Each structure stands twice: as C-alpha cells, then as structure tokens.
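Quick note: numbers below take in every heavy atom, side chains included, and nothing from hydrogens, waters or symmetry partners. In what follows, chains carry the letters A, B, and so on, assigned in the order in which the sequence lines appear, proteins first and then strands, with residues in each chain numbered from 1. Just so we're clear, the structure is a prediction, and the values are computed from it rather than from any experiment.
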Number of protein chains: 2
Amino acid sequence: MSQVVYGCLMSVDRDQVLRRAAAQLTRKGSSTMDEVARAARISRATLHRHFAGRDALIRALEELGIQECEAAMGAARLGEDSAQDALRRLIREIEPAAGLLAFLVTENQLFEGDAQHEGWARLDVRIAELFRRGQESGEFRIDLSAAWLTEALYGLVGSGAWAVLDGRVAAKDISYMIAELLIGGAQRRVES
Amino acid sequence: MSQVVYGCLMSVDRDQVLRRAAAQLTRKGSSTMDEVARAARISRATLHRHFAGRDALIRALEELGIQECEAAMGAARLGEDSAQDALRRLIREIEPAAGLLAFLVTENQLFEGDAQHEGWARLDVRIAELFRRGQESGEFRIDLSAAWLTEALYGLVGSGAWAVLDGRVAAKDISYMIAELLIGGAQRRVES
DNA sequence: ACCACTTGAGACATTTTCGTCTCAAGAGAG
DNA sequence: CTCTCTTGAGACGAAAATGTCTCAAGTGGT
C-alpha cells in the first residue's frame, strides 16, 4: 500500500489529481467527468473511486481552494507591517492558487439552493479586516468600502490568472501588476 | 404580425429574451435551455424558434455584448478629454452591460477549437489604446501594461456586477467604485 | 511465488438535456 | 367573424453524461 486516505487504501496522488482537475475546469468550466479524468491522467473509473461524483469533486476543489487561501493568508502575516505590505504579501502568496480561485469564483456564482461553504465567509472577513486596518491607519481611502476592495481582489486575481493563461501577461509580472493596481487604487493620496 | 426579424414573423421581444437569458446565465452558467426559457418567461419551444440551439443562443449573446460594448465606447468618446475622464465615462456607459459581460468573459475562457469572435479583439484594441494614450500623456503609469489594465477593467466590471447581484455593493455606487479603483491604480503619482 | 491492492478499459442501465415535432389556444388584422 | 400567425404545452427519439459494475493487468510487499 502506498497511501492511506480516510481509512481507504489509495495510490494515486489525490492532490495531484485535484490540481490537474482544477486546471482543466479553469480552462473549461463545463468539462465532462471524462475530460477531467483525462486531464488528471487517470481513468474515469479511478476518478469516481476518489470522488463519489461531480458534486463531490467540486466540493473537494472548494475545500482545497479554501485551504490554499487560508495557508496563503497565514504565510502573508496579514496583521504585521503596513496594510500595504501585508496586501502585497497576500497577493504573492495567493498567486499559485489563482487558477483554482478563478474557477471557484465563477462556479460559486449564486449558490442557489444550499448555502455556500462557510470557509469563504471566513476568508472574506479576514481580507476585509486587512482593508479596514489600512483604512483606519490612514493608508487606504475610506470611500472605497472594504467589501468592495475584497471583491476587487478576487476579481483581479482571477483576471490575472486568466491573462497569464492567455499569454497576455507574463507569469512573473502578474503578482506585481495586481498588487500595484490594487494598492494604487486603494491608497489614500495626499495630492488631489 | 408585430415584428419582422430576418424576414421571419416574430412577436416576442428578442432583445428582452436575450437580456433575461443573459441574467439567468450570469447567475448560473450551466443553466439548461429549460431554465433559460423559464427565466426569459417563454416556453422552451419558443426559445428554440428564435435560437437554433444553445450555441446559437450563446453566439447571439456574444453579439449583443459586443454591440453594447461598442455602443458604450462610442458614447464614452474615448478620444476626448483626459484619458482619466474618458475611462470614467466608459465605465459609466458600460455598467448596464456588466452582467452580460461577466457571463461572456467566463464563457469565453479559452476558446478551444474555433477562434473567438473578432469583435472582442476590436474592443480590446480600443480599450488598450485608451490606456496607452493615458500613458503617453503622462496620466497613467507605464509599468502597468495597457494589456493588463484592459484585462483588469474587464475583471473589475465583472466583479462589480457580481458584487451588486450579491448585495455586497449598492448598484448606485459600483460605477464610482470601479472607476476610482482602476484610475487610482493606473494613475501616475508624483509623490512616492 | 503468493497475496493484497489498485488501476484502466469497457460494458451497462439510468438520467439529463437536447432538438424536433404536433396540436390546441389565443391574439390581432382585415 | 375569419384568417393568419405565434405561443405554450407536451410527446418523442436521439445524444450525451453520469454512476455502477466487472474483469484482466499490473504493482509492490512479504
């Protein structure tokens, strides 16, 4: 046996599968289970052995995305230094998960029926808190609400991932581009 | 008879149908034709009478979105005044189409197979031109490429539409929020 | 060599969605 | 009223996707 997951013997690298699935679904949100399986380089049967169905796969991706975001936020030490620098760190840390994020954001569009994962709310709160800290310290302007800045962060990270996939922006530049645009827009300026 | 479209007698308001369809698809990108029809308040049969199939519907929505964008760009008079003011006008004009845009952007994700509609390229060029004009006049910073600022505009407009749908930002504020964030981020600052 | 376990391939029934069709009801013009 | 045209409702088969199952092959440990 090679790996034990949830008390079940498993060999394929679950994380690897999830990542490849995320990449495929980012590229084409309506991918078939068959397409996802092929992108993950496993058979459809194996894919079903790991995830009970499409819903379970999406939920696992959601879980992964939330985990990556929380890890990024931990690594970024949002409470330290200036809000500006913390935001810069957050964007740099969150960038590897940008593709997954972009997919999840579009997938989450209006969670009709069941409630959305509480994890998203937790993330929103922490990010909004960062912006609010910047507003209270005078770094950020107060006429752009923290809620909007939070949304804008998600949007720009998603756009960035998409721009990189499309080859419109170099991967090495995207983190800087996002940070500069967001910080420049959020920053309180002394000149008119 | 009430309306003549493409030499065929039609009564339902095609534009209205497209708008409702766009709203539904923005809310849930994987809506079935039945859900779209119900959202458009017509029967599935009638929906099929107007659009040969799902692809035709999407393509019609794409056409509508491009038209609205071009109309918005015309109304915004991108070449006049400062680039900043032109951008502000563009955002204000494009805002009514934001929901449709948000859907089309996600739908367009990597056009595997056939080439994307040339209209998008035309729009991109015009928007990028505006940003470039701002850069050349010294209004906008040059370390954020015009291509990225264009992507960011799409992303922020989409995020804005989504934030409004979700009730996180008031509809009356969103145009200002987008413009201020984008212009503030793009603006060249004299202070450090 | 033996055994436990996992994988890929494919068959299979089921479900969902699609596209087409028919027909009765209703609206509007002449 | 009468005629024409459009619509909604539903039936229908075709196509696609899903979920389940079986079985041969392969892997790795003992």
Side-chain angles (χ1 to χ4, degrees), chain A residues 1-62 103 106-107 109-110 112-114, chain B residues 1-62 103 106-107 109-110 112-114:
Chain A
M1 79 190 72
S2 49
Q3 213 178 349
V4 178
V5 181
Y6 290 144
C8 177
L9 302 169
M10 290 285 168
S11 283
V12 300
D13 186 341
R14 182 188 150 105
D15 224 61
Q16 190 87 0
V17 169
L18 273 179
R19 261 162 235 291
R20 291 194 206 279
Q24 170 64 26
L25 285 167
T26 300
R27 216 160 54 84
K28 184 182 167 198
S30 61
S31 295
T32 311
M33 291 296 277
D34 197 73
E35 290 174 303
V36 172
R38 212 169 310 132
R41 302 180 191 175
I42 59 177
S43 70
R44 199 164 66 91
T46 304
L47 184 59
H48 267 287
R49 282 188 194 103
H50 284 266
F51 308 99
R54 191 189 182 74
D55 289 348
L57 174 61
I58 304 291
R59 255 178 284 138
L61 284 170
E62 193 174 35
F103 162 66
T106 71
E107 187 70 13
Q109 282 168 357
L110 287 236
E112 4 73 62
D114 50 352
Chain B
M1 76 191 72
S2 49
Q3 213 178 349
V4 178
V5 182
Y6 291 145
C8 177
L9 301 169
M10 289 286 168
S11 282
V12 300
D13 186 343
R14 183 189 149 105
D15 224 62
Q16 191 87 1
V17 169
L18 274 178
R19 262 161 234 293
R20 292 195 206 278
Q24 170 64 26
L25 285 167
T26 300
R27 215 161 57 84
K28 184 183 168 196
S30 60
S31 298
T32 63
M33 292 296 276
D34 197 71
E35 290 173 305
V36 171
R38 212 168 309 130
R41 301 178 194 177
I42 59 177
S43 70
R44 198 163 66 92
T46 303
L47 183 59
H48 267 286
R49 282 187 194 104
H50 284 266
F51 307 100
R54 191 189 183 74
D55 289 348
L57 174 63
I58 304 290
R59 256 177 284 137
L61 283 170
E62 192 174 36
F103 162 66
T106 71
E107 186 71 11
Q109 281 170 358
L110 288 236
E112 7 70 60
D114 52 351

Which heavy-atom pair separates [X] from [Y] by the least distance, and what is that distance?
{"X": "A:Leu61", "Y": "A:Leu18", "value": "CD2-O, 3.4 Å"}
{"X": "B:Gln24", "Y": "B:Val36", "value": "CG-CA, 4.2 Å"}
{"X": "B:Thr26", "Y": "B:Phe103", "value": "OG1-CB, 3.5 Å"}
{"X": "B:Arg14", "Y": "B:Ala60", "value": "NH2-CB, 4.0 Å"}

Problem set entry | Pairwise 5' ranking along DNA chain D for A:Glu35 and A:Ala45, keeping only the more 5' one | A:Glu35
How long is the line joining [atom1] of [X] and [atom2] of [N], in whole Å?
{"X": "B:Ile42", "N": "C:dA27", "atom1": "CD1", "atom2": "C1'", "result": "17 Å"}
{"X": "A:Arg49", "N": "C:dC5", "atom1": "CZ", "atom2": "P", "result": "14 Å"}
{"X": "B:His48", "N": "D:dG10", "atom1": "NE2", "atom2": "C1'", "result": "14 Å"}

Exercise. For the side chain of B:Arg41 and the base of D:dG8, is some donor closer than 3.5 Å to an acceptor across the two?
Worked result: no
Exercise. For the side chain of B:Arg54 and the base of C:dG19, is some donor closer than 3.5 Å to an acceptor across the two?
Worked result: no
Exercise. Choosing from D:dT7, C:dC18, D:dT20, which nucleotide comes nearest the side chain of B:Arg44?
Worked result: C:dC18
For this session: Side chain of A:Thr32 only, please: which of D:dT7, D:dA17, C:dT20 is the nearest?
Result: D:dA17
